[in-house]
Every structure is written in structure tokens, then in C-alpha cells.
Participant: 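Input: one structure, supplied below.
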Amino acid sequence: MAEKPESGGPGGRTFKPVLGLSDEPGEPLTIPVRTGTVYDQPEPEQLIELTVIIPARNEEQNLAACLRSLIAQSEDIFQLGRDWELIVVDDHSTDRTAEIARSFPGVTLLEAAKLEKGWTGKNNAIWTAARKARCRWLLFTDADTIHEPGDMHRAIHEATRHKVGLLSYSPRQLVTGFAQRTLMPLVFSELALAYPPAKVSDPNQRVAAANGQFLLVEREAYRRLGGHPAVADRVLEDVELAFLAKRRKVGLRFRYAPDALSTRMYRTTSAMIEGWTKNLALLFNNALATSLWKVLDILLLVGLPWLAMHLWNARFSPHSLEWLGAGWVLLLLWIRTLFRFYSRVAKSSFPLVDCAISPLGLPLFVVLLYRSWFNHRVLKQVSWKGRTYPG
């Protein structure tokens, strides 16, 4: 639980630590005040339990279902308006996003502040609300999420039980259409291998990750991280906040949480292409090298059986037995390649059928990896929802 600030010297303000987040147990945490950051916000007289913040830009297709799933969690012991608040920040939408938010009783609608240079739209929208939050915990979640009953209350208990200041869930992914069903298992299997939740949650490991679709942060931890001004220009602000959490030792926990929420990240193939072009080069150390490895996967998965069949059908009479044996060796290598491929894809936690057809998504994955690398490293810019950001 957060506590009221004590007055400090002229150069700073002193805040009592919570959840063991100070550098030294029992010692107050002194943080210099910096104008325009979370540190200079006055504490409310009384803190409520939770503030939920949803940044929304042109989300008329998703927002209503998200809000219904959240408002349904209001009950006598956890009442919306008394124990927690729900804020939608309209990020200058051109559709019915604001109208939909207004139609839900108990929802506070804010308009995002003017987007200044050095900020992404999402970070600016979140910060518009976060600096007004009057809570012990802040939950940042996306408009395309559907929350399971009780997930917010359980998440607070989970963070408290594990003594972490930042808790993030990776939702169950909802996909439709051939392109999504073949590509998404490939992306998420690589993410699972690059960011194993056990290592991410281990304070002794340098690996850090978070998912902005569900990011719960304790008030004092948020101060220590610097709030969203600390990651104002970052396209992957969730991962950057996770790295800050590791470096500043506020405690980080990350896990796959189909029990807590689900999401449909992209409603169209074009949106999916734009989204992964924006993110892939930032998520993987070398997207170009990863794309080349995927090209090798294609060559092995397609080339080995083709070559084996070619050898079996060959008519090299003096050595026909040898060629036949070579074909079987190639077939065994292909089976081994299949086993290795599907062992990786299984880590995506996608349904069996989607994993089974995922090899058909390899060409698109290669293109997106290269496209993301090219946009970030060569063009040095990416686009998302009608805005262009430095790569």
C-alpha cells in the first residue's frame, strides 16, 4: 500500500517505500523532483485500490467489449467508483471511440493531451490519465482486450504475494483468417523463446519483457520507474518499462495468462502487417538474421522431401541402391527438422491446428522480419495508426 509523502529537502521529496521496493530495507527512498514527471504529482488525501487506464485510438470495434468485461467486475467488495476507477483516454480518434466510452456509466473519458515531439501517441495518452490517478495500483490495458471475471483483483493479490512492483500478463490470442492463423504462432513461439517468463521473472536474470495489453504497476514502483515520461518516445514502452523495473529493482513478474484475459490484436491483415513491421525489429536482437534462419527453415521443410523423392525416382542403375539409401537419409533429416520446428511452435500456446499449419506462414514471417529491420535500420521510421515515429 502506498503511503503519503514526507517532506524532503529543497532538492527533492521523500517517499516511504512499499512492497520492499527501497534499495535498503526500512530506509526511505529519496527521489529528486523533476517538473513534468510523475514525481511532482501531489498525493491524494485518500488512495483508492486501482485505476484502470485504456488508451484508445479509433477503437470503435473493440472498446465496448473491453469495457463490458471490466465493468462486470464491479461488486460490493470491489465497487467501481468507490474502490477503483476506469479511465478511457481518447487519443484523438476519428471514429465513435469517445461516444462508446461515454455510453458506459462509471467510465471516465479523457481526451489525450496535445501530442508533443518526443512522445508516442500511446504513451502520451496513458500519461494524460496516469498523472491524475488516485490509486495504489495502476493497470494499463488495451482496448482490444477481454478480461475474465475477477482478473484485476487476482492480479493485485498475485503482485502482492510475489512482492513485485510490476506485473504483466501475456493474453490468450484470438486469431481469424489464414494469414493470422499461420503467422501468429510463429511470432509468439519466437517471443516465448526470446523472453522465457521464468527468466523474465527472475531478478538475477537480465532478460526483461512485459506486455502492454496488461501491465499492473504499484504506485511507488511507478515513481521509481519515472512513469511514462521515462519511455515517452519508445514504441515498445512495455518492454522498456520492464527493463527499467529490472535495473531499478522494483520487482517484475511476467507470465502467459489465458486465465486472466484474451485479445484480438489485429482485425485485418493490413493492420497485422503494420503492427509487426513496427515491433519485430525491436523485439528481436537481429531481425535480419532471424529472417535468414526462417528462410533456411523453408528450404529444409520444402527441399528435403523434394530431394528425397527425386532420388527415389532416379534411375542410376549401377548405384540405385545407394541413391535409394540417400533418399531415406534425407527423409529422416526432414522428420528431424519437422520435430524441431513444431517443438518451437508449440511454445506459442496456440491451438493445435494453428500450430500445424504454421509452416505456411513462414514466407510472410520472413517478409515482415526483413520489412521491420529495413524500416528501423535503413528508413529509420515506422508507422502506426496514421502516425509516423522515428525507428
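One is the number of the first residue; the rest follow in order along the sequence.
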Participant: Do side-chain atoms of Asp233 reach the backbone of Gly118 as a donor and acceptor pair under 3.5 angstrom?
Facilitator: no

Participant: Taking atom NZ as the centre, does Lys199 end up with more than 12 heavy-atom neighbours from other residues, nucleotides or ligands that are less than 6.0 angstrom away?
Facilitator: no

Participant: Does one side chain, of Thr176 or Arg264, offer a donor that lies under 3.5 Å from an acceptor on the other?
Facilitator: yes

Participant: Taking side chain to side chain donor-acceptor pair (under 3.5 Å) as the test, write out the residues that go with Lys294, two or more places apart.
Facilitator: Glu190

Participant: Does a side-chain heavy-atom distance below 4.5 Å link Asn285 with Thr290?
Facilitator: no

Participant: Between Arg344 and Ser189, does the side-chain hydrogen bond (donor to acceptor under 3.5 Å, both in side chains) criterion hold? Intermediate values first, please.
Facilitator: CA-CA 6 Å; Arg344 292 174 69 91; Ser189 63; 6.0 Å; no

Participant: Heavy-atom distance under 4.5 Å between the side chains of Glu274 and Tyr266, does that happen here?
Facilitator: no

Participant: Tell me if the aromatic rings of Phe140 and Tyr222 count as close, with their centers under 6.0 Å from one another.
Facilitator: yes

Participant: Is Pro171 close to Tyr169 at the side-chain level, that is, under 4.5 Å between some pair of heavy atoms?
Facilitator: no

Participant: Taking the six-membered ring for Trp, are Trp276 and Phe188 parallel (under 30°), tilted (30 to 60°) or perpendicular (over 60°)?
Facilitator: perpendicular

Participant: Do any N or O atoms from the side chain of Asn124 and from the backbone of Glu116 form a donor-acceptor pair under 3.5 angstrom?
Facilitator: no

Participant: Do side-chain atoms of Arg247 reach the backbone of Ala242 as a donor and acceptor pair under 3.5 angstrom?
Facilitator: no

Participant: Evaluate whether atom CZ of Arg267 has more than 12 neighbouring non-hydrogen atoms of other residues, nucleotides or ligands under 6.0 angstrom away.
Facilitator: yes

Participant: Over all heavy atoms of both residues, which pair between Ala113 and Thr128 is shortest? Give the atoms and the distance, please.
Facilitator: N-OG1, 3.1 Å

Participant: For residues Ala230 and Leu244, report the shortest heavy-atom separation together with the two atoms involved.
Facilitator: CB-CD1, 4.0 Å

Participant: Is it the case that the side chains of Asn375 and Ser372 hold a donor-acceptor pair, with the cut-off being a distance below 3.5 Å and no angle test?
Facilitator: no

Participant: Could you check if a side-chain atom of Glu111 sits within less than 4.5 angstrom of a side-chain atom of His92, using non-hydrogen atoms only?
Facilitator: yes

Participant: Which atom names give the shortest non-hydrogen contact between Arg219 and Leu138, and what distance separates them?
Facilitator: CA-CD1, 4.2 Å

Participant: Are the side chain of Lys246 and the backbone N or O of Gln205 linked by a donor-acceptor pair below 3.5 Å?
Facilitator: yes

Participant: OG of Ser103 to CZ of Arg96: how many Å apart, nearest 0.5 Å?
Facilitator: 8.0 Å

Participant: Using 4.0 Å as the upper bound for N to carboxylate O, is an ion pair formed by Asp91 and Lys385?
Facilitator: no

Participant: Start with the C-alpha distance between Leu369 and Trp293, add both sets of side-chain angles, then the distance that settles side-chain contact (heavy atoms from CB on, under 4.5 Å), and finish with yes or no.
Facilitator: CA-CA 11 Å; Leu369 283 163; Trp293 278 111; over 6 Å; no

Participant: With heavy-atom distances below 4.5 Å as the criterion, would you say the side chains of Asp354 and Thr182 are in contact?
Facilitator: no

Participant: What distance do Cys66 atom SG and Ile100 atom CD1 have between them, rounded to the nearest 0.5 Å?
Facilitator: 11.5 Å

Participant: Once rounded to the nearest 0.5 Å, what's the spacing between atom CE of Met272 and atom CE of Met265?
Facilitator: 10.0 Å

Participant: I'd like to know if the side chain of Trp127 and the backbone of Gly227 have a donor-acceptor N/O pair within less than 3.5 Å.
Facilitator: no

Participant: Is it true that a side-chain atom of Ser201 and a backbone atom of Arg253 form a donor plus acceptor pair closer than 3.5 Å?
Facilitator: no

Participant: Does Val52 reach the side chain of Ile87, with side-chain heavy atoms less than 4.5 Å apart?
Facilitator: no

Participant: Without swapping roles, check the side chain of Ser69 against the backbone of Ile146 for a donor-acceptor pair under 3.5 Å.
Facilitator: no

Participant: Show, in sequence, the C-alpha distance, side-chain angles and deciding distance for Gln381 and Thr388, and conclude whether the side-chain hydrogen bond (donor to acceptor under 3.5 Å, both in side chains) test is met.
Facilitator: CA-CA 7 Å; Gln381 66 177 31; Thr388 301; 5.3 Å; no

Participant: Going through the distances and angles, do Asn58 and Thr97 end up as a side-chain hydrogen bond (donor to acceptor under 3.5 Å, both in side chains)?
Facilitator: CA-CA 6 Å; Asn58 295 333; Thr97 294; 5.1 Å; no

Participant: Specify the closest pair of heavy atoms between Tyr342 and Pro359, including all atoms of both residues, with the distance to one decimal.
Facilitator: OH-CG, 3.4 Å

Participant: Using 30° and 60° as the class boundaries, would you call the ring planes of His157 and His153 parallel, tilted or perpendicular?
Facilitator: perpendicular

Participant: Where do Ser93 and Asp90 land on the side-chain contact (heavy atoms from CB on, under 4.5 Å) test, with the steps shown first?
Facilitator: CA-CA 6 Å; Ser93 301; Asp90 178 27; 2.6 Å; yes

Participant: Are Leu236 and Leu166 co-members of a hydrophobic cluster defined by side-chain heavy atoms under 4.5 Å apart?
Facilitator: yes

Participant: Do Asp238 side-chain atoms and Gly212 backbone N/O form a donor-acceptor pair below 3.5 Å?
Facilitator: yes

Participant: Just by distance, with hydrogens left out, do Asp144 and Thr263 show a side-chain donor and acceptor under 3.5 Å apart?
Facilitator: yes

Participant: Under 4.0 Å between a Lys/Arg side-chain N and an Asp/Glu carboxylate O for Arg255 and Asp259?
Facilitator: yes

Participant: Determine whether Ile53 and Leu139 satisfy the following criterion, side-chain contact (heavy atoms from CB on, under 4.5 Å), listing intermediate values before the conclusion.
Facilitator: CA-CA 6 Å; Ile53 297 173; Leu139 172 61; over 6 Å; no

Participant: Please determine whether salt bridge (charged side-chain N to carboxylate O under 4.0 Å, His left out) holds for the pair Arg136 and Glu218, giving the CA-CA distance in whole Å, both sets of side-chain angles, and the decisive distance to 0.1 Å.
Facilitator: CA-CA 6 Å; Arg136 299 182 179 92; Glu218 191 272 335; over 6 Å; no

Participant: If the threshold is 4.0 Å, N to carboxylate O, is there a salt bridge linking Asp95 and Arg57?
Facilitator: no

Participant: With no hydrogens and no angle check, do the side chains of Gln213 and Thr145 hold a donor and an acceptor under 3.5 Å apart?
Facilitator: no

Participant: Hey, are Glu237 and Lys122 close enough for a salt bridge, meaning a charged N less than 4.0 Å from a carboxylate O?
Facilitator: yes

Participant: As an exercise, state the distance from CG of Leu252 to OG of Ser168, rounded to the nearest 0.5 Å.
Facilitator: 8.0 Å

Participant: Is the distance between the ring centroids of Trp84 and Phe78 under 6.0 Å?
Facilitator: yes

Participant: Treat each ILVMFWY residue as a node, draw an edge where side-chain heavy atoms are under 4.5 Å apart, and state whether Val366 and Trp373 are in one component.
Facilitator: no

Participant: Could you tell me if the side chain of Phe365 sits less than 4.5 Å from the side chain of Asp297, heavy atoms only?
Facilitator: no

Participant: Using the side-chain contact (heavy atoms from CB on, under 4.5 Å) rule, take Tyr389 and Ser383 through it: C-alpha gap first, then chi angles, then the decisive distance, then the call.
Facilitator: CA-CA 6 Å; Tyr389 302 111; Ser383 299; over 6 Å; no

Participant: Do Leu331 and Leu304 land in one hydrophobic cluster if side-chain heavy atoms of ILVMFWY residues count as linked below 4.5 Å?
Facilitator: yes

Participant: Looking at side-chain heavy atoms only, is the closest gap between Leu261 and Glu148 below 4.5 Å?
Facilitator: no

Participant: Between Val175 and Val353, is there a shared hydrophobic cluster once you connect ILVMFWY residues whose side-chain heavy atoms come closer than 4.5 Å?
Facilitator: no

Participant: Could you state the interatomic distance from CG (Leu368) to NZ (Lys278), rounded to the nearest 0.5 Å?
Facilitator: 13.0 Å

Participant: More than 12 non-hydrogen atoms from neighbouring residues, nucleotides or ligands closer than 6.0 Å to CZ on Arg206, yes or no?
Facilitator: no

Participant: Quick check for you: to the nearest 0.5 Å, what is the distance between Leu215 atom CG and Phe254 atom CZ?
Facilitator: 10.0 Å

Participant: Transitively linked via ILVMFWY side-chain contacts under 4.5 Å: Val239 with Val235?
Facilitator: yes

